[in-house]
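Working notes, structure below.
Residues: numbered from 1 along the sequence shown.
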Amino acid sequence: MDPPAPATTDPGAATPAAQRSASGPRTRRALLGRLRRIEGQVRGIARMVDGDADCIEILTQVAAVTHALEAAALMLVDQHLRDCLQRGAATTLADEQTKQVEQALRAVERLLV
């Protein structure tokens, strides 16, 4: 039987996913509020389509929803970058710092691509 892995005291070490939430309580509430408004906007667009509304009006609402989703995504990226930077700064291990920077860059890449 293998010996147990040594316990780490490095504050930047990987933490369970539940503790690395992409948003704190305040950000989570704000994000949920935005998503609920977006959900309502999407239902409104469906009603517009069902009611045979003008295409330009529908496209205007689609653009508004797209912008709202992008703003919500930026909130998440902002929180994620802050978390990554704090975890990276909390460790003296260069590999862990590099890992946190790479993780932050992947989050930005997901938003842009």
Side-chain angles (χ1 to χ4, degrees):
M1 187 165 151
D2 292 332
T8 180
T9 57
D10 180 31
T15 57
Q19 294 175 2
R20 293 189 314 148
S21 173
S23 59
R26 180 177 290 152
T27 303
R28 186 177 300 117
R29 282 191 302 273
L31 181 61
L32 284 171
R34 282 180 184 248
L35 291 173
R36 286 184 185 114
R37 283 191 299 277
I38 292 166
E39 182 181 20
Q41 286 178 289
V42 171
R43 282 194 304 268
I45 292 170
R47 285 190 301 271
M48 290 174 75
V49 170
D50 190 44
D52 203 26
D54 179 65
C55 292
I56 297 300
E57 291 176 22
I58 295 170
L59 287 171
T60 300
Q61 292 306 309
V62 168
V65 167
T66 300
H67 178 74
L69 281 171
E70 289 170 350
L74 282 173
M75 284 179 67
L76 283 170
V77 168
D78 176 85
Q79 186 64 45
H80 185 70
L81 288 174
R82 291 173 193 278
D83 291 346
C84 285
L85 291 173
Q86 287 174 351
R87 283 193 302 270
T91 182
T92 57
L93 302 174
D95 287 346
E96 180 63 24
Q97 290 173 341
T98 300
K99 177 181 155 190
Q100 293 302 322
V101 169
E102 288 172 353
Q103 184 180 18
L105 289 173
R106 283 192 303 273
V108 172
E109 181 181 314
R110 281 186 197 105
L111 184 59
L112 295 176
V113 177

- prompt: Between atom CD of Q79 and atom CZ of R28, what is the distance when rounded to the nearest 0.5 Å?
  reply: 9.5 Å

message: Taking salt bridge (charged side-chain N to carboxylate O under 4.0 Å, His left out) as the cut-off, I'd like each qualifying pair that reaches into residues 35-48, sequence neighbours left out, listed once.
response: E39-R43

- prompt: Can E70 and L74 be said to form a side-chain contact (heavy atoms from CB on, under 4.5 Å), step by step?
  reply: CA-CA 6 Å; E70 289 170 350; L74 282 173; 5.6 Å; no

message: Grouping I, L, V, M, F, W and Y whenever their side-chain heavy atoms are under 4.5 Å apart, do L105 and L112 come out in a common cluster?
response: no

field: Separation between CG of L59 and CE of M48, rounded to the nearest 0.5 Å
entry: 9.0 Å

- prompt: Considering residues, nucleotides and ligands other than D54, do more than 12 of their heavy atoms fall under 6.0 Å from its CG?
  reply: yes

query: CZ of R34 to OG1 of T27: how many Å apart, nearest 0.5 Å?
result: 10.5 Å

- prompt: Quick one: CG on L35 to CE on M75, what's the gap to the nearest 0.5 Å?
  reply: 8.5 Å

- prompt: Between Q41 and A68, which heavy-atom pair has the shortest distance, and what is it?
  reply: OE1-CB, 4.0 Å

message: Between R82 and D78, does any NZ, NE, NH1 or NH2 come within less than 4.0 Å of an OD or OE carboxylate oxygen?
response: yes

message: Run the side-chain contact (heavy atoms from CB on, under 4.5 Å) test on L81 and V108 for me, step by step, so that the C-alpha distance in whole Å, both residues' side-chain angles and the decisive distance to 0.1 Å come before the verdict.
response: CA-CA 9 Å; L81 288 174; V108 172; 4.3 Å; yes

field: Distance, nearest 0.5 Å, that separates CD1 of I58 from CD1 of I45
entry: 8.5 Å

query: About how many Å separate CD1 of I38 and NE2 of H67, when rounded to the nearest 0.5 Å?
result: 10.0 Å

field: same_hphob_cluster(V65, V49) at 4.5 Å side-chain heavy-atom cutoff
entry: yes

